[in-house]
Participant: 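Got a structure here, written out as structure tokens. Questions coming.
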Amino acid sequence: MRRVRPGTQASRGGAGSRAAGEERALTSVAAGDRFQGEEPGDTPRLWHVTLSVSGKEAPLPEVRRALEQLAHDHPFFLTSRYAVDHAEIRYWEEARDLHDAAAVALRLWGEHRQTAGLPPWEIVGLEVIDRATYHQRIAEGYGPPPASPVGVHPF
């Protein structure tokens, strides 16, 4: 049995195959060059997501407990702020493109409503920006403040 690297096909002696004992030529790749078949949208990227929700008033301890449970359940959870009638959740999402990151973000509240015990609030705002834009905004002083301390905090 011949072993082949994942993503390649075993040669069966057709055009382009090497003769027995012939070595394959090595090529170098300059820094920053990309593999020819790789499209920028094919590799996952990090997106900074800010999700805003609001609705009828709920007891603060219940809102806090639910957001803490969401933080436990959802990977990449960064921070959230809350009040009796609204909350803001900020986190990093790994996705192929903005459309995928936004789709996941728009499902987050509804999919975790039961398991985390979240209030029956609706999504009223969504911002999804790439990592470079997030860091550019921070550097220029007009973006959201860095998410520290990490965790669940009142407004």
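Just so you know, these numbers use all the heavy atoms, side chains as well, and skip hydrogens, waters and symmetry mates. Remember, predicted model here, so these are calculated numbers, not experimental data.
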Participant: Report yes or no: does W109 contribute a side-chain atom to a donor-acceptor pair with the main-chain N or O of P119 at less than 3.5 Å?
Facilitator: yes

Participant: Do other residues, nucleotides or ligands put more than 12 heavy atoms under 6.0 Å from the CD atom of E140?
Facilitator: yes

Participant: Under 3.5 Å, side chain of R64 to main-chain N/O of V152, donor-acceptor pair present?
Facilitator: yes

Participant: Shortest non-hydrogen contact from Y134 to R90?
Facilitator: OH-NH2, 3.8 Å

Participant: Could you walk me through whether R137 and I129 pass the side chain to side chain contact (heavy atoms under 4.5 Å, CB included) check?
Facilitator: CA-CA 10 Å; R137 285 182 179 181; I129 56 175; 3.8 Å; yes

Participant: More than 12 foreign heavy atoms under 6.0 Å from NE2 of H135: is that the case here?
Facilitator: yes

Participant: Once you round to the nearest 0.5 Å, how far does CZ of R45 lie from CD of E94?
Facilitator: 11.5 Å

Participant: Report yes if the side chains of I123 and L51 come closer than 4.5 Å at any heavy-atom pair, otherwise no.
Facilitator: yes

Participant: Quick one: pull up CZ in R65 and CG in L118 and give me the separation to the nearest 0.5 Å.
Facilitator: 8.0 Å

Participant: Please lay out, stage by stage, how D130 and L98 fare under the test side chain to side chain contact (heavy atoms under 4.5 Å, CB included).
Facilitator: CA-CA 8 Å; D130 68 352; L98 181 134; over 6 Å; no

Participant: Taking the six-membered ring for Trp, are H48 and W92 parallel (under 30°), tilted (30 to 60°) or perpendicular (over 60°)?
Facilitator: perpendicular

Participant: Find out if a path of hydrophobic residues (ILVMFWY) with successive side-chain heavy-atom gaps under 4.5 Å connects V124 to Y91.
Facilitator: no

Participant: Let me know which of E111, H112, E68 forms a side-chain contact (heavy atoms from CB on, under 4.5 Å) with D73.
Facilitator: H112

Participant: Could you give the distance from CD1 (I138) to OG1 (T133), rounded to the nearest 0.5 Å?
Facilitator: 11.5 Å

Participant: Please round to the nearest 0.5 Å and tell me the distance separating atom CD of E57 and atom NE2 of H86.
Facilitator: 11.0 Å

Participant: If you take all heavy atoms of L70 and A116, which pair is closest and at what distance?
Facilitator: N-CB, 4.0 Å

Participant: Compare every heavy atom of A87 with every heavy atom of L67, then report the nearest pair and how far apart it is.
Facilitator: CD1-CB, 4.3 Å

Participant: Apply the test side chain to side chain contact (heavy atoms under 4.5 Å, CB included) to residues T115 and Q69: give CA-CA distance (whole Å), side-chain angles for both, the deciding distance (0.1 Å), then the verdict.
Facilitator: CA-CA 8 Å; T115 58; Q69 183 63 47; over 6 Å; no

Participant: Got a second to check how far L126's CG is from I89's CD1, nearest 0.5 Å?
Facilitator: 11.0 Å

Participant: Do V104 and W47 pass the side chain to side chain contact (heavy atoms under 4.5 Å, CB included) test, and can you show the C-alpha distance, the side-chain angles, and the key distance before you say yes or no?
Facilitator: CA-CA 11 Å; V104 170; W47 300 89; over 6 Å; no

Participant: Hey, what do you get for OG (S52) to CZ (R81), rounding to the nearest 0.5 Å?
Facilitator: 8.5 Å

Participant: If I compare all heavy atoms of W121 with all of A58, which pair ends up nearest, and what's the gap?
Facilitator: CZ2-CB, 4.1 Å

